[in-house]
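Heads up: the structure comes next, in structure tokens.
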Amino acid sequence: MDLKYDEAELAFRRKMRAFIKENLPDELKRKGEAGFKWKKEDGVKWHRICAAHGLGAPNWPKEHGGAGFTATELYIFEEEQALAGCPPISPFAVKMVGPVIMHFGTAEQKEKWLPDARNGIDYWCQGYSEPGAGSDLATLQTRAVRDGDHYVVNGMKIWNSYGHEADWMFALVRTSVEGKPQEGISVLLIDMKTKGISHRPIITIDGSHILNEIRFENVRVPVFNRIGEENKGWTYAKYLLGNERALIAQIAASTKLADRIREVSRLEKDGWGSRLADDPAFRLRLAEIEVELEALRITNERVLYEAKSGTAGNGGAILKSKGTFISQALSELMIEAVHFYGTPWVLAALDAGANEPPVGPSYAKGAMPLYMRQRANTIEGGTEEIQKNVIAKQVLGL
Ligand SMILES: Cc1cc2nc3c(=O)[nH]c(=O)nc-3n(C[C@H](O)[C@H](O)[C@H](O)COP(=O)(O)OP(=O)(O)OC[C@H]3O[C@@H](n4cnc5c(N)ncnc54)[C@H](O)[C@@H]3O)c2cc1C
């Protein structure tokens with residue numbers, strides 16, 4: 001197995017780096033460098049710039065207007081974006097619902113939804129989890145009852161990211177209570193402006209409003225908006241979850257954070273007044289995490305190699321499990337590096353345009369919110385215990 005990038009891939013990396021350098025607006029670059037919080041508009045703006053250059057949906061085949069990148073090219077493009085500090089592009093449209101519509105939708109559905117998903121026009125959210133259905137998703141209760149050429153939807157979704165800002169939701173709904181729970185689920189694409197949809201914000205421990213509780217009261221959804229067959233939604237949902245897990249490894253973001261911690265450790269002092277960077281215990285901690293990160297990078301290259309050679313395994317769960325462990329460990333180390341300056345809780349300082357100076361050095365202002373945010377890594381997209389179950393069964397064959 002040769003894990004090295006070949007000449008063509010190295011040339012591709014140079015091309016993507018040049019594209020980003022030329023096209024990332026200064027204002028977004030400055031915002032990223034200053035450590036301000038990204039907003040929906042930032043990611044949308046960058047998505048539309050990429051789309052204008054044929055890169056709005058790098059993972060889609062060319063026949064659907066995508067760039068037709070291989071898994072390796074996609075990884076390289078994303079790594080370059082993260083290293084250059086580009087705002088993240090929402091994965092819901094391009095990486096999650098898009099491929100499902102492409103694989104299981106009709107020609108009319110592809111025509112209706114794919115162009116605006118690819119071009120960053122429609123903003124999507126995911127409506128899977130419910131109060132009693134997270135890991136055990138198949139027990140979901142949101143009901144969709146057929147009424148002529150519509151479904152009438154009643155129920156509730158929870159932990160829904162960005163539903164308050166989204167134009168569309170891809171939702172799992174129960175269309176039958178017969179047989180096994182998995183056999184009565186369908187996928188509906190729901191226009192978030194439809195009468196009967198309301199949301200209640202869930203403010204997370206890091207002070208953000210990303211999550212929502214979404215209620216459906218007699219929401220009428222055209223039957224046209226059902227993807228694939230009625231009651232076969234579980235198959236489509238699983239297809240989508242596989243794509244979701246591979247997204248959460250955050251290798252490039254962790255590489256950047258490790259570099260940042262090293263920079264900070266040259267400026268901060270340890271308990272005896274020496275540079276933190278000269279403290280052997282601190283250096284050891286950082287080195288241990290970086291060794292794990294290097295192993296993750298190699299695992300990722302192995303997963304990419306398997307994809308290239310058509311022997312794809314179940315690497316997504318391994319990448320997610322190790323990737324989240326590393327990003328959490330780094331966010332913890334950043335708190336140690338900035339000492340007391342990690343404790344002031346001035347969330348306004350994270351907003352671009354904030355006019356109060358941060359308490360302490362500016363690199364410290366995001367440390368605690370990041371630490372808090374990363375706690376969710378081992379829950380979102382499938383909990384750590386569920387990833388371990390997947391690895392045990394599907395990778396190790398136990
Ligand atoms: C930041 C964030 C964003 C999210 N965004 C979305 C979104 O946009 N859309 C959406 O639909 N959902 C979203 N979720 C929800 C997420 O998918 C669920 O939280 C997750 O699947 C876990 O479900 P649960 O919260 O119901 O926990 P539960 O499933 O109730 O789990 C509780 C505990 O029990 C453990 N457990 C459960 N089953 C097993 C088992 N079989 N073996 C061993 N241990 C087990 C779990 O690991 C966990 O520790 C988001 C969650 C977070 C934190």
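Note that the coordinates shown come from a computational prediction; the quantities given were computed from them, not determined experimentally.
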Report yes or no: do [X] and [Y] belong to one cluster of Ile/Leu/Val/Met/Phe/Trp/Tyr joined by side chain heavy-atom distances under 4.5 Å?
| X | Y | value |
| --- | --- | --- |
| Leu293 | Leu83 | no |
| Ile379 | Ile386 | no |
| Leu319 | Phe325 | yes |
| Phe104 | Met102 | yes |
| Val145 | Phe224 | no |

Report the distance from atom [atom1] of [X] to atom [atom2] of [Y], rounding to the nearest 0.5 Å.
| X | Y | atom1 | atom2 | answer |
| --- | --- | --- | --- | --- |
| Ile227 | Asn225 | CD1 | CG | 8.0 Å |
| Trp168 | Trp113 | CH2 | CH2 | 5.5 Å |
| Met16 | Leu55 | CE | CG | 5.5 Å |
| Phe282 | Leu333 | CZ | CG | 4.0 Å |
| His339 | Lys269 | NE2 | NZ | 10.5 Å |

Donor-acceptor pair, [X] side chain versus [Y] backbone, under 3.5 Å?
| X | Y | result |
| --- | --- | --- |
| Asn154 | Asn218 | yes |
| Gln109 | Arg226 | yes |
| Ser254 | Ile251 | no |
| Asn23 | Lys21 | no |
| Arg260 | Met334 | no |
| Asp6 | Ala8 | yes |
| Trp60 | Val94 | yes |
| Thr299 | Ala295 | yes |
| Thr142 | Met156 | yes |

Decide yes or no for [X] and [Y]: does some side-chain heavy atom of the first lie under 4.5 Å from some side-chain heavy atom of the second?
| X | Y | result |
| --- | --- | --- |
| Asp42 | Lys31 | yes |
| Met96 | Trp124 | no |
| Cys50 | Ile89 | yes |
| Trp234 | Pro181 | no |
| Tyr363 | Tyr341 | no |
| Leu296 | Asn300 | no |
| Glu27 | Lys45 | yes |
| Arg262 | Glu290 | yes |

Sidechain N-carboxylate O distance under 4.0 Å for Arg220, Asp147:
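So Arg220 pairs with Asp147 through a salt bridge.
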Might you point out which heavy atoms bring [X] and [Y] nearest each other, and give the distance in Å?
| X | Y | result |
| --- | --- | --- |
| Ser331 | Gln328 | OG-O, 2.8 Å |
| Gly120 | His47 | CA-ND1, 3.4 Å |
| Asn59 | Pro99 | ND2-CG, 4.2 Å |
| Ala93 | Val97 | O-CG1, 3.6 Å |
| Glu268 | Pro361 | OE2-CG, 3.9 Å |
| Ala349 | Phe36 | O-CE2, 3.5 Å |

Residues in side-chain contact (heavy atoms from CB on, under 4.5 Å) with Asp270, at least two apart?
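Only Trp272, Ser274, Leu276, Asp279 meet the side-chain contact (heavy atoms from CB on, under 4.5 Å) criterion with Asp270.
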Side-chain cluster (under 4.5 Å, hydrophobic types only) that [X] belongs to, other residues:
| X | answer |
| --- | --- |
| Val291 | none |
| Val153 | Tyr151, Met169, Val173, Leu188, Ile190, Met192, Ile197, Ile214, Phe216, Val219, Val221, Val223 |
| Val359 | Val346 |
| Ile335 | Ile205, Trp345, Leu347, Leu350, Met368, Tyr371, Met372 |

Which word best sums up how the rings of Phe170 and Phe92 line up, parallel for under 30°, tilted for 30 to 60°, or perpendicular for over 60°?
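Plane angle between 30° and 60°, so tilted.
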Output all residues satisfying salt bridge (Lys or Arg N to Asp or Glu O under 4.0 Å) with [X], sequence neighbours left out; order by chain, then residue number.
| X | answer |
| --- | --- |
| Lys388 | Glu384 |
| Glu63 | none |
| Glu229 | Lys232 |
| Lys195 | none |

I'd like to know whether the aromatic ring centres of Tyr162 and Trp38 sit less than 6.0 Å apart in this structure.
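No, the ring of Tyr162 stays outside the 6.0 Å limit from the ring of Trp38, centre to centre.
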Carefully, step by step, assess Val44 and Glu41 under the rule side-chain contact (heavy atoms from CB on, under 4.5 Å).
CA-CA 5 Å; Val44 167; Glu41 313 73 273; 5.5 Å; no
Step by step, work out the side-chain contact (heavy atoms from CB on, under 4.5 Å) result for Leu172 and Tyr236.
CA-CA 10 Å; Leu172 292 183; Tyr236 318 137; over 6 Å; no
Under a 3.5 Å cutoff, is there a donor and acceptor pairing between the side chains of Ser176 and Asn231?
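No - no donor-acceptor pair under 3.5 Å links their side chains.
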Pair Glu9, Tyr75: side-chain N/O donor-acceptor within cut-off below 3.5 Å:
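No, no side-chain donor-acceptor contact under 3.5 Å.
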What salt bridge (charged side-chain N to carboxylate O under 4.0 Å, His left out) pairs are there with at least one residue in [range], not counting sequence neighbours?
| range | result |
| --- | --- |
| residues 80-94 | Arg13-Glu80, Arg17-Glu80 |
| residues 361-374 | Arg373-Glu380 |
| residues 149-177 | Glu130-Lys157 |

Take Lys37 and Lys39 through the test side-chain contact (heavy atoms from CB on, under 4.5 Å) and record every step on the way to the result.
CA-CA 6 Å; Lys37 217 167 34 185; Lys39 298 219 154 93; 5.7 Å; no
Determine whether more than 12 heavy atoms belonging to other residues, nucleotides or ligands lie under 6.0 Å from atom CD of Glu111.
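Atom CD in Glu111 is not crowded, with 12 or fewer foreign heavy atoms closer than 6.0 Å.
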Please assess Thr255 against Arg297 for the test side-chain contact (heavy atoms from CB on, under 4.5 Å), listing each intermediate value before the final yes or no.
CA-CA 10 Å; Thr255 306; Arg297 204 189 313 280; 3.5 Å; yes
